[in-house]
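A note on names: the letters A, B, ... follow the listed sequences, proteins ahead of strands, and every chain is numbered from 1.
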Amino acid sequence: MTDTPAVRIRGLRKTYGDTVAVAGLDLDVADGEVVALLGPNGAGKTTTIEILEGHRDRDAGEVSVLGHDPARTDLDWRAQIGIVTQDGGDLLELTVREAVGHFAHYYPRHRDPDQAIDLVGLTEKATERVRTLSGGQRRRLDVAIGVVGRPRLLFLDEPTTGFDPQARRQFWALIRRLADEGCTILLSTHYLEEAEALADRVAVIMGGRIVADATPATLGGRATARTVVRWADGRQETDDPAGLIATLTRRYGGTVPGLTVSRPSLEDIYLDLIGDAS
Amino acid sequence: MSATVLRGAPRRPSAARLGLHRATIELKSFFRERDAVVFTFAMPAVILALLGSIFDGVYPGSDVTSAQYLAPSMIAAGVASTTFINLGTSIAADRDDGTLRRLRGAPMPPSAYFIGKILMALVVTVGETVVLLGIAVVAFDLSLPTDPARWLTFGWVFLLGATACALTGIAASSLARSARSAGAVMNLPYLVLAFISGVFYTPVGQLPEPLVTIGSLFPLKWMAQGFRSVFLPDSILPQEVVPSWEHGRIALVLAAWCIGGMVLCLTTFRWRGRRGR
């Protein structure tokens with residue numbers, strides 16, 4: 001174990017022609033941490049992740065991934081990285097087991113391919129052609145290939161786009177299992193509930209910059225925000241919701257009609273954040 | 001006793017071993033994908049069977065039939081198909097569908113990819129050649145030479161011709177904007193060349209001179225001529241462009257295309273598609 005973070009980004013910039021995709025982005029990901037890069041489409045999530053993967057050149061800034069500059073890396077560095085991209089249309093004629101088994105060969109300390117397939121829940125499909133998989137199964141195959149080499153750091157770029165709610169829950173369970181194994185994970189998503197469910201830390205990216213970086217519970221001052229108490233005849237913001245409810249209970253002489261108590265949701269905070277930035 | 005030094009990490013497998021793994025994956029994918037098999041593998045065989053049945057007659061001054069004259073030329077066209085078209089379209093597809101991107105994300109030495117592609121093309125090309133020879137022998141009574149010198153000629157023409165076409169195909173894969181356009185981009189020059197190299201239009205000596213001149217700039221004409229020198233008697237030479245097999249010139253042109261193709265590959269090969277800048 002070292003004190004060097006798994007990922008360290010300072011002042012990252014990338015432009016395409018006149019379009020600024022990443023505009024001075026700073027981010028750290030500690031060893032073993034699960035960080036969600038949350039932002040709307042076009043915020044710069046994919047560009048940032050591709051630069052970290054060494055798949056894209058940057059214009060400016062310092063980037064270190066597992067202690068190396070991803071623009072100048074070797075195969076030993078690659079062997080410690082797992083990548084799950086957005087849109088793979090390859091491997092169609094192979095079976096799931098052939099595809100995962102093939103990629104296992106590249107890694108010196110790889111998992112048993114069948115174990116990787118089991119991990120993502122594709123055991124029943126192991127002998128089926130990749131062509132026959134559904135979208136969700138296909139992404140799980142991508143994850144199996146991404147983790148078959150036992151990466152220290154896994155990049156997932158919008159892994160659940162297009163999933164139905166049930167498939168998304170299954171996928172989250174898979175990511176949690178990988179995190180429990182000690183894998184550092186940086187995932188991008190535009191689903192709030194995904195960031196909240198999976199991440200130790202959420203970095204909100206907007207216009208190529210990080211506009212907030214905190215745990216899901218404290219993002220945007222969520223933990224300290226005043227609580228809103230609503231009931232049939234009124235609404236009040238308070239720092240002492242228990243006291244207010246006690247008062248209301250006395251006033252109504254029992255059950256308070258239509259009582260709800262809420263903190264601002266992550267969605268409220270997020271919409272505030274991206275609303276401010278844009 | 002000296003302490004045993006343990007390496008901290010198991011070693012990554014060699015490029016050669018990974019290249020072999022790639023070749024098996026490539027071959028499985030190739031033969032399972034019907035489009036690829038039909039376009040690059042079956043087409044030359046079908047053309048040989050069709051044209052061989054349609055063409056009629058024996059060349060004057062020899063006992064060579066039109067079909068027998070066509071067969072060695074079609075073997076050359078078959079080699080070009082399973083190398084030039086096969087590699088050009090399959091690499092364009094790899095660039096388009098994320099194969100190259102995924103491989104670049106894995107700890108794969110780049111050479112393993114090319115070893116896999118070339119071994120795949122070699123196996124498919126040998127298979128294609130055997131099929132075409134089989135059709136020629138069974139259906140058109142082509143007799144296989146017994147003189148080892150002729151098989152030696154076959155060997156070097158095959159090796160140089162296949163290498164030249166393979167390298168040109170790898171380089172040409174960058175011309176296609178997408179996997180979908182690659183078939184057209186690769187097949188058009190191939191079909192034109194097959195005509196002006198005297199493969200579909202026989203005998204080559206009857207082609208208009210300007211076309212022969214253009215055809216002579218490319219490797220297919222020379223590979224076809226080399227294969228004819230292996231399987232046909234010298235009595236057919238009057239039907240050639242010049243009444244000689246020109247082995248020296250064949251070797252020279254094919255070797256030049258090997259070198260030029262290699263230079264093109266090294267200077268133009270793109271791992272990333274057009275959007276990945």
Side-chain angles (χ1 to χ4, degrees), chain A residues 14-17 21 46-47 49-59 70 73-95 98-110 129-131 138 141-142 145-146 148-151 154-155 157, chain B residues 6-37 90-113 115-116 120 178-180 270-277:
Chain A
K14 175 71 184 179
T15 54
Y16 303 109
T46 297
T47 299
I49 287 191
E50 286 180 346
I51 290 170
L52 297 178
E53 293 166 349
H55 279 162
R56 204 173 275 282
D57 304 327
R58 62 183 187 267
D59 296 338
T73 56
D74 56 17
L75 298 178
D76 289 325
W77 177 84
R78 282 249 164 256
Q80 302 181 60
I81 306 276
I83 294 176
V84 179
T85 60
Q86 265 189 54
D87 47 355
D90 55 338
L91 309 167
L92 295 180
E93 305 301 333
L94 303 175
T95 66
E98 285 169 343
V100 178
H102 174 66
F103 278 88
H105 285 304
Y106 294 114
Y107 298 88
R109 267 177 309 218
H110 61 80
R129 297 271 176 92
V130 172
R131 182 180 285 290
R138 163 96 226 187
L141 169 66
D142 289 338
I145 293 172
V148 74
R150 292 186 202 278
L154 180 65
F155 293 108
D157 194 8
Chain B
L6 287 172
R7 288 186 62 93
R11 297 195 35 189
R12 279 182 293 102
S14 69
R17 248 189 72 197
L18 290 174
L20 278 177
H21 283 301
R22 292 276 339 137
T24 53
I25 288 291
E26 296 273 7
L27 281 166
K28 278 181 190 166
S29 296
F30 177 86
F31 281 108
R32 286 174 190 175
E33 186 163 23
R34 265 185 228 124
D35 292 6
V37 174
S90 74
I91 294 174
D94 284 354
R95 198 174 281 125
D96 214 34
D97 68 15
T99 301
L100 286 187
R101 192 183 142 106
R102 192 193 295 276
L103 290 173
R104 290 298 270 167
M108 179 197 74
S111 54
Y113 176 74
I115 292 171
M120 179 269 278
S178 72
R180 225 180 280 175
R270 293 182 287 115
W271 285 95
R272 298 173 188 181
R274 290 188 190 261
R275 68 179 191 94
R277 296 291 153 78

- Query: Taking only residues two or more places apart in sequence, or in another chain, which ones meet B:Tyr113 in a ring-ring contact (aromatic ring centres under 6.0 Å, His included)?
  - Reply: B:Trp271
- Looking at A:Glu93, A:Arg129, A:Glu53, which makes the most heavy-atom pairs under 4.5 Å with chain B? A:Glu93
- Note on the structure: If one checks every heavy atom of A:Asp76 against chain B at 4.5 Å, the contacting part turns out to be both
- Region of A:Glu98 in contact with chain B, defined by heavy-atom distances below 4.5 Å: both
- Task: Report yes if the side chains of A:Gln86 and A:Glu50 come closer than 4.5 Å at any heavy-atom pair, otherwise no.
- Result: no
- Proximal component of A:Phe103, with respect to chain B [non-hydrogen, under 4.5 Å]: side chain
- Task: Kindly give the heavy-atom pair with the smallest separation between B:Pro107 and B:Arg12, and that separation in Å.
- Result: CB-CD, 4.0 Å
- List in chain and number order the residues that pass ring-ring contact (aromatic ring centres under 6.0 Å, His included) with B:His21, two or more places apart in sequence or in another chain; answer none if no residue qualifies. A:His105
- Task: May I ask you to say whether A:Asp90 pairs ionically with B:Arg95, meaning some side-chain N is under 4.0 Å from a carboxylate O?
- Result: no
- So, the part of A:Leu92 with a heavy atom under 4.5 Å from chain B: the answer is neither
- Tell me, side chain or backbone of A:Leu94 under 4.5 Å from chain B's heavy atoms, or both, or neither? both
